[in-house]
Structure formats: C-alpha cells, structure tokens
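Source: prediction; values computed, not measured.
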Amino acid sequence: MKLREYQVTVVIANYNKELYISQCIESVLNQSLKNIEIIIVDDGSTDESGTISNRYAAKYPHITYIKQENQGVSAARNRGIQEANGKYVAFLDADDYVPADAYDTLYKLAEENEAEIAIGNFECFNEYRTWKLAYMKKVFQKNLPTVRHITTDEELHLTPSASNKLFKREFLLHHNIQFYPGLSVGEDLLFTQESLQLANRTALQDKVVLNYRVNDEEETLSKQANIRFFNQLLTVQKELTILYKKLGRESFLKPIEKRQLSFYMSSIFNKGPNLPVEKLQELVDISEDFIYTLTNQELLHGLDSKHILAAEMIRRKDYESFAAFLSSFSKDLFIDEIIEDEGAFYHVLAQQFPAYKDVLLVENLEIEQRIEVVKLKEGQLTLGGYAFIKGLTTKRTQKELLFVGKHETKVVPLAPQLRTDVSYLFANNQIDYSTAGFKNVLVNTVDFLKEGKWKVKIRIHANGTFVDAPVKVILAQLRNYAKTDVTSGVEVGATYNKQSEMTLVLKKVSALGSVKSKLAQWKKSIRYDLSFLKAKDYHTFSAIVLYKLFHRFYKHKHIWLIGEREDTAQDNSYHLFKYLRTHQKKTNSYYVIDKKSDDYQFIKQYGNVIDFNSLKHTFYLLVCEKTINSYAETANMYTDSYKKIMKYYPEWQKNQKDFIQHGVIGVSRVNHVLHKNRMNYSHFVVSSPFEKEHVVKEFGYDESEVIVTGLPRWDALEDISTGNEILVMPTWRSWLKTEQQLFDSEYWQRYMSLLNNERFHQLLEKKDLTVTFFPHYQMQKLIGTFPEFHPRIKVVKQGEETVQHLLKRHALLLTDYSTVSFDFAYMDKPVLFYQFDYDDFYSKHYNEGPINHKKDLFGERVETEAEVIALLEAFPHVSTEQHKKIENYVVKPINQSHSQLVFQQIGGENKQ
C-alpha cells in the first residue's frame, strides 16, 4: 500500500498503559474504514505497554511504533503529526478506545463537507457505567448547522478535546499547528483553539466516535494539588491571548476566557485547600497574574459569591485572608446562603469577612424551581412542584402563580407544602427550604383568562421584595400532559421556547376549528407512531398498535403486574405474588422477571410469569389495572419501549401504582425519591403508625393513600438459628467508587480489622461461634476475591444464599445502618450496631430521618472494635432492653398475614 493512500492516521500516545493499550489498538484495527495508518508513540513507558505495542507493529505493516524519552503527551503527539501519512490525523490516548465506525463517520463527514476539522460526540466510561457529558448537548443541538465556525458558533468552545476530532493533515502542516511542548494541562485546548480559529469549515455530527476512560485512581497533574498545575493554567491563558491577538480576534476571546476563568477559580477551591500553607502566597501571585491576563475583566462580575471573594482577595494581595478563607472552606459543606442586612442581601461570607462586604452584595436574587406536576384537560390547568430563592430560607416567603398577558397580569396564590427533601438536595440541610413546595393548584383557564397568549411565571415574595421567574417544564413527558384541547369553544394549549418556558395560548374556535384541532393532534400522534416503524423499533410500534386496538378489551381483565428489580424474586413483591397465586387465584396477577436470571427458579412454579422486556411486558404495562413493586417502579419495572410511549402518551398511564417498599422508612429521608409529585403512588405501604405519620407529613400523600400493613416478606420470617451463628452484614458507602478508594477507606479497614482480630478469633473458638460475612453487593462488584480470615468465618456472596435465609438462620446480627435490622429484630433476635462513621454516613450517603440511629433503635450501639468484641464476649446474654423498641416501628397482625393485609387494602376485594 502506498503511503498517500491512507485516509486517516491515528496517533496513539502511550505512557504506561499496559492494562488498556491492547483494547485501544484493537479498536482501531477493527474500524470499518480500512485505509488507516496507526502510529504508536511511546513516551518513555516503564511497563509492558511498549512491548505490547511493538508486537502489534511487527504483525501489521500499517502500524508504526516509535519509542522516545519521556517528554509528555504534547511531544508524543507532535512526533505523530511529523510521521503521519494520512489525509487526516486523529489523536487517541492509549487508555481510550473508539467504536467500530468512528473514523468512517468522521472521514465521510469531513469529505462530504470539505471540512478541515470533523467533530463527533463521545461517551465517558468507568468500570460501573457509561455516560455522556451534559454540556455536549449544546454542541449538537438539532437546530444548528452541520458546518460551523468558532467565531460565529460559540458552542464550539465547549469541545476542547483533540480525541473526538479529525484534522486535515495538510491544514495542520500549512499553519504549523502543534501541541504546546511541556504542557499536560490544557494542551488539547490550545491545539483545538488554534485549529478551530484557523479552519474555514468545521463539520459536526452527533455520533459517538470516542469512548473516554475516566480513571479515578490515576494520578495525573490535573488531579494533583500543586503549584505546577496553576502555572500551566496560567501558561494556557497567556498563549490564548497571544493566539487571538496574532489573529486580530481579541474581540472573540470572551467565551473561552469565561470558560477558563470558571475552571481556574473552581480549581482554587478544589485543590487550594490541599496545598501546603507556604505555597498559598505563590498561588495568590500566580492567580493575580492569571486575572490580569484576562482581556475581559468584566467576567469577574459574573462569578458566584465565593469566587468573587477569592478573586478580590487575590487582587488585593490579601494573603492572610485568602489563607484563612481556604483553610475554612470545604467543598462538601460550603453553602451559598444569603442574608439580609438593612434591606439589602449579602452572601453569608460577609459575616466572616466584613472587609469584603461590598463585593458580596447580592444584586440579583435567583429562583430555583422544579415543576413536577402538569396537567391540562378540558381547560383545567394543574401545576405542582417547588420553587425557592437560592440561598434564602423559605420560612417567611410567599409564592404566587402569574399569568402575564399583553395588557394584564392574573395572580393565583400558591399554598406552601412541606418539602424537607429540597433542603437536603440543595443545601445539605444547612438552609431551611422546608416550605419550598407548593400544593397542586387548579386553574380553570377558560373562565380565568381571556383569549391570547399568557406567559406563566412564579413570583416569590421575601423580606419586602419579590422575584419573578418563568415556569419551566423540562421533561417532554410532563409537557405532553398538557396537549392542546378544545373545551367550550376555546382551544387551550401550552407552548415552550428553547429555555422550556411555558406559555398558555387560548383561542376561540368554531365547530369546524375544533375538528381541525383534533385532526392536527391525531396527525401528530400518527407521525410519532410511524417514527418507530421508520427507526425499525418494531417492539415499540407493535405495542402502540396493540394498545390502540385492544386496550378496552384488556382493561376488563383487571391485570396486576408485580415485580422487583428485573432479575430478582426475593423481596416483598415475591412474597405478595406467592400469596396471591396460592390464596387468591382469582386475582389476575403476573410477575415480571428476566427469565434468564437466577431468581427465576423461585417464581416459575407459581405460573403467570412474564419475561422482562418482552412485547407482552410492554403491552401489559399499558393495559394493566395495577402495578406493584417494592423498588422504584420506573427504574426497575418499565421497559425502554414503555418509557418511550409514556413520553408522548402519558395520559395512557391509568393504572393504580402501589409501592410495597423493601425496608422501613425513617432511618433516612428519601422523600426526594418517593414524593407523591414524582412517583404518584396510589398506595404507599408502611410498617407502623410512626412511619405513616412521617410519610403523610413529608411525602405529599393523603392519609388514605398510606396503609399500615407491614412488609409481606415478614410472613416468611422464622427463627431457624441454633444459637451460635453471627451474621455480619454492613450496608454501603456511596462515596466509594473504586477498588482503591474502598481499600483506603475507614469502612474497609474497620471491617477487615475486626474479621482479622486474633481476640475475635479466640472468642469464636472459645464459645463455639461461627460468623457469616455478607458484603454489600456494591463491595462485591469491586472485589473479586475476599481474604480468608479464619476457619470459623465464611464469606457469602450474592446469589449463594438469599438475604432472608441468612437472617433466619443466624442468632445475632452485626450491622451498621442496614434496614435488614428491622427484619432481624422482628424475629426477637438481638442486633448490634457498629457505627464508627455516623456523621459521614448521614451527610454523604443518606439524609438522616426522624428515627435517630444513635438513640431510637432496638439494640446496642458501639463505635469501636474493642466494644464490639466486648459485647460479643457476653453473647448470647446480649442486653435486649432496647430491643423492645422494635414495637414502635413494626406491626404484627393477629390471625392475618402481612400479604393478606396488603391485598385487602390495595383493593383486592374488587377483583374477579
């Protein structure tokens, strides 16, 4: 093959990536575009990645392997540009990989549009999940043209990476565009900025062309806290200024300077607190240089309060205040609270740094809002959700709904609703947003409003002032609850602009106009239906057709759909279904589960099992009378096709949704997940009057919707222990994301220390005790093999034994915060709570609920390993005085089962 025949050269920069480089190279070898040259530049690796690369080069003639002394990624890529022979050049890091059609997509995009640069989208991934970056949606908005230029299309500043792009080699050589030597922070940005400025045509397509590995364990400069990081950001800023001045485009600097300023100031707070104290003065000096390098100084006024304060301290060279500010700052606890002083509003930092009060004045109050309920039927508009002024307590605020017409404004007062979840979600419970919610308001638009357009807004009154904000409806499914309708000769509909702001439109129509309106809606629905056929999504299309043809017939069958997670049959849903199929066979109930899952064996004997994600599953979701789940229904019970259908036809969801839980609510607040406005359950099963009171008070449900029955799985609880078995079953810590983070954590070290403790081992032998350690399944996902602790300690993994059987066959439970403690105590067996990280757990993992886990639970609570062993030495004579408190949190029915109570109260008596 002649060198000039290469369509694309892929430059792979490698430094010590032996774990990933084969996947990277193979992904390029397997491209659908075949005329590809691969140049691997090894930047002084000390692992086996160089050897691996050399083997590929020896095997494939179109692969070149280059070894150089360690000079950094910029030098490696520049060497690749020098050696490249392809018409276009792509850059790839050795720990990333590309989809099979990546370079075919980019090559065709560049060729068909005669572009010097072609840009695609990318996905981030780690060992747990894959995701796209939200800001890339702005780059690939549907209404934007394929070919653009960065001077007129500012969204191109949002894609600084060099690896999701293709560059014409002749274009790079002609303009001598290279990566800045020595940079390891911002090197991509400088390269792409120069390229995008000099290119005449840049083409974009919203197609994933890169899989970008997010390696939390890797120690790169961008993750380290040192002065060199900030020096490199300063270098980038200076080089950007030089570039734009050289091109005579200083007036175009603002978008990229805004981005870089925001990143720089955020880095001060992310990394600054970890710098040695003696380095903070140097940081101030570098930061002052950075700020004064900015061409657009007015950008400083657009920063948030903490960044404005830091910038002002830097400008005044106030080293002492800057050091004090950073030392007291914690990104986990920092709250943007606003205070009032003599009729003006200031950031709360003004109390700590009064000398800077003038720069901490808050001139523009902002509203945070979420519309969770939208309905428009027969002219009746219903809205519900929450709204609050950012940073300001809601204690003394009032809310109104405004309808702003051309000549007048109509006002509807909004009644407050308790929303403790908002305080948790937005302020870590440091600001009281508890009355941020507003109760669903019903407005008869035909009687209340005149013909015309009415912008819908929320107004919040606070301390003698008020703030207005347009009502925004983000989700398409919510918008489609407000489809255009005709009532009493008036057509009422809702429209939305690009910012999702709602406007009501009222128009008088004749009988013919009413028919035309309905016909337009019908045509729109047909186009939506046919879009699935066009996309060859036959599952979704078939489900829509089947529903339209047969839903009236199937509605009379009173179908109940029951499930848990898509692959489990162990929890409350399983036990309720078992009861229904055994004792209430006339009830037309079906269990949904993946038939390939391990738990299918538990459920298949009862019949009426539907394969998860089948067409029957989607269709029955559309026509069923009830859905019953012990987990969040949307995430665990819905098919992808059903979600697509609900997005456009939300009004088809007429089934009763019943939530039968998988734990006891009260130890933590989960109203941000299970609130009525979000889940809209018809019945919410709880285990005690205490729990009911909590749910009614904070979750938005009426008393009639919350039913006290206890959990169906408790029907099968039976103590089968022989008296000498201890179960160790900790819950998880959501802030642990990687294996290394787990190994470094106090959580891991505490449990490993206990299980390896010689005194503990001697205790087991002396008292003839056995221990089962059941690690949380998130821990099991991170660790393949667990240590061998002692012959009397056995590690049991997910799938080897059900949780319920573990609870039944052990005599004592040692846990930390897990709600399985309620199941265990239900059997009148002792529980020990080992809580060494209480404050961290209830600030990082869960929002603490009304049950105080230190005082109100039903077992001994300890914080040290020595205390755990001391209590176990008294086993089985463990104090059960606190154990009696279980009666406050569970009901034990007489002559009835929990499943029977659930069946009766969710409407079982009405079935065939």
Name all residues meeting the salt bridge (Lys or Arg N to Asp or Glu O under 4.0 Å) criterion together with E746; count only those two or more places apart in sequence or in a different chain, and write none if there are none. R750
Got a sec, which residues hit side chain to side chain donor-acceptor pair (under 3.5 Å) with N480, two or more places apart in sequence or on another chain? none
With a 4.5 Å cut-off on side-chain heavy atoms, are F858 and S821 touching? yes
What do you reckon, is NZ of K892 surrounded by more than 12 foreign heavy atoms closer than 6.0 Å? yes
Main-chain N/O of V685 paired with Q661 side-chain donor or acceptor, under 3.5 Å: yes
Other residues, nucleotides, ligands: >12 heavy atoms within 6.0 Å of K647 NZ: no
State which residues pass salt bridge (Lys or Arg N to Asp or Glu O under 4.0 Å) with R669; sequence neighbours excluded, sorted by chain then number. E698
Strictly below 4.0 Å, N to O, side chains only: are R419 and D421 in salt-bridge contact? yes
By side chain to side chain donor-acceptor pair (under 3.5 Å) - contacts of Q417 (at least two apart): none
By side chain to side chain contact (heavy atoms under 4.5 Å, CB included) - contacts of E703 (at least two apart): K692, V696
So, do Y424 and V422 sit near enough that their side-chain heavy atoms are less than 4.5 Å apart? no
Atom NZ of K657 with >12 non-hydrogen neighbours under 6.0 angstrom: yes
Decide yes or no for K794 and T770: does some side-chain heavy atom of the first lie under 4.5 Å from some side-chain heavy atom of the second? no
K390/D336 salt bridge by N-O under 4.0 Å criterion: no
Counterpart residues, side chain to side chain contact (heavy atoms under 4.5 Å, CB included), relative to A716 (two or more places apart): H575, Q804
Applying ring pair (Phe, Tyr, Trp, His ring centres under 6.0 Å), can you list everything that pairs with W652, at least two apart in sequence or on another chain? Y547, Y649
Using the salt bridge (Lys or Arg N to Asp or Glu O under 4.0 Å) rule, collect all pairs that involve residues 673-684, keeping only residues at least two apart or in two chains. E372-R678, K676-E705
Does the side chain of F773 reach to within under 4.5 Å of the side chain of I726, using non-hydrogen atoms? no
Can you establish whether the number of heavy atoms outside K439 located under 6.0 Å from its atom NZ is more than 12? no
State which residue, out of F824, Y826, Y889, fulfils the ring-ring contact (aromatic ring centres under 6.0 Å, His included) condition with W714. Y826
I'd like to know if the side chain of H776 reaches the main chain of Q778, judged simply by a donor and an acceptor atom lying under 3.5 Å from each other, with no hydrogens or angles considered. yes
If the threshold is 4.0 Å, N to carboxylate O, is there a salt bridge linking E651 and K375? no
Applying side chain to side chain donor-acceptor pair (under 3.5 Å), can you list everything that pairs with E848, at least two apart in sequence or on another chain? Y838
Can you check ring-ring contact (aromatic ring centres under 6.0 Å, His included) on W732 and Y777, steps first, answer last? CA-CA 8 Å; W732 186 236; Y777 75 94; 8.6 Å; no
Please name all residues satisfying salt bridge (Lys or Arg N to Asp or Glu O under 4.0 Å) with E693, sequence neighbours left out, ordered by chain then number. none
Is a salt bridge present between K844 and D837, judged by a nitrogen-to-oxygen distance below 4.0 Å? no
Would you find a donor on one side and an acceptor on the other, under 3.5 Å apart, between the side chain of Q780 and the backbone of Q798? yes
Short question: side chain of E368, backbone of I389 - any donor-acceptor pair under 3.5 Å? no
Quick check: does any side chain N or O of N629 sit under 3.5 Å from a backbone N or O of E564, one acting as donor and the other as acceptor? yes
Rounded to the nearest 0.5 Å, how far apart are CE of M729 and CG of L806? 7.0 Å
Donor + acceptor pair across side chains of S818, D816 (<3.5 Å): no
Listed by chain and number, what are the side chain to side chain donor-acceptor pair (under 3.5 Å) partners of D594, not counting sequence neighbours? none
Might you work through the side-chain contact (heavy atoms from CB on, under 4.5 Å) test for F690 and I851, ending with a clear yes or no? CA-CA 10 Å; F690 171 89; I851 300 175; 3.4 Å; yes
How are the rings of Y638 and Y642 set to each other: parallel, tilted or perpendicular (split at 30° and 60°)? perpendicular
Partner set under ring pair (Phe, Tyr, Trp, His ring centres under 6.0 Å) for F841, not counting sequence neighbours: Y817, H845, Y846
Going by atom types alone, do Y701 and H675 pair a side-chain donor with an acceptor below 3.5 Å? no
